[in-house]
Amino acid sequence: MCFGSLPEDYVYLDKIDLMHNKKQFWIVNGLSLAIMIVMIVAGYFIDHSWSDNSTEVIIAVVVMFVSYVLYIVLHELTHLIVMRISVKAKFNFGFNGWAAYAGSTGFFDKAHYIAIALAPLVVWGIVFSVLTVFFHTGIWFWVIWALQIGNVAGASGDLFCTYKMITYPKNILVRDTGTEMTVYRKKTEEELSAMQTVENFNDIDGGSEID
């Protein structure tokens, strides 16, 4: 279940910051580079023909870059759409330097957040796969394949977040501001019991009177 605000029985667990946490930054970028290399090699084995028409090559390169810029925006909008479906909250969309981001003030459970993280990879992976059926040879195959590479390699951060979600306890909530993810866990029975004891003591102490 997702929430517009953090329930009282949840406490801070962890933070994922792919921009400022150096370890996470290099893991994600290393994964992205590895995916890119593997997919370029795979593309060569699928089709390594090219075009001898220089005009067509120039047009294809321009189309590829324009399409990729558009894809970056659509990638984040896909995150945003799934967020909006999941919870009623405030949402934000913008750019941090060269990178686009989508965030929310809502708190998402594990299943919903995994769906949010993987939605662009799945949706646009299917779209580009279908396009390669129609453009399966020559330079236009490589235009579509380059977009697919950008889709999969560019989702390395989403894949990393999905992995982290799997390692967390079942009852977690995630707040994604677009640039960092804060994870909260549900309090244990012992913590809830201790909190209730403190509240009861405060009620008794506050209700006592000095004669």
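When reading the values below, keep in mind they use all heavy atoms of this one structure, side chains included, and skip hydrogens, waters and symmetry mates. Nothing fancy with the numbering, it's 1 onward along the sequence. Computed from a prediction, not measured in an experiment: that's the story for all the values here.
- A centroid separation of 6.0 Å or more is found between the aromatic rings of Phe65 and Tyr68.
- At least one donor-acceptor pair under 3.5 Å links the side chain of Trp142 to the backbone N or O of Asp47.
- In this structure the side chain of Leu159 reaches within 4.5 angstrom of the side chain of Ile35, judged on heavy atoms.
- Judged by distance alone, with hydrogens and angles left aside, the side-chain atoms of Asn21 form no donor-acceptor pair with the main-chain N or O of Asp17 at under 3.5 Å.
- Taking the side chain as every heavy atom from C-beta outward, Asp158 and Leu121 never approach each other to under 4.5 Å.
- Listed for the Ser32 side chain is a donor-acceptor partner under 3.5 Å among the backbone atoms of Ala153.
- Counting only heavy atoms from C-beta outward, the side chains of Val127 and Trp124 approach each other to under 4.5 Å.
- Other residues, nucleotides and ligands contribute more than 12 heavy atoms inside 6.0 Å of the CZ atom of Phe160.
- Checking side-chain atoms of Lys110 against main-chain N and O of Met165 turns up a donor-acceptor pair under 3.5 Å.
- Ring geometry for Tyr184 versus Tyr12: interplanar angle over 60°, hence perpendicular rather than tilted (30 to 60°).
- Between Trp145 and Ile149 the shortest side-chain heavy-atom distance falls below 4.5 Å.
- Separation of atoms NZ (Lys187) and OH (Tyr10) is listed at 12.0 Å; rounding is to 0.5 Å.
- Under the 4.5 Å side-chain criterion, counting only non-hydrogen atoms from C-beta, Ile81 is not in contact with Phe91.
- Checked by atom type and distance alone, the side chain of Gln24 never pairs as donor or acceptor with a backbone atom of Met19 at under 3.5 Å.
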Test side-chain contact (heavy atoms from CB on, under 4.5 Å) on Leu80 and Leu77 and set out the steps. CA-CA 5 Å; Leu80 191 61; Leu77 286 177; 4.2 Å; yes
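- No side-chain donor-acceptor contact under 3.5 Å links Asp109 to the backbone of Asn171.
- Within the model, atoms OG1 of Thr105 and CG of Asn92 stand 8.5 Å from one another, a figure rounded to the nearest 0.5 Å.
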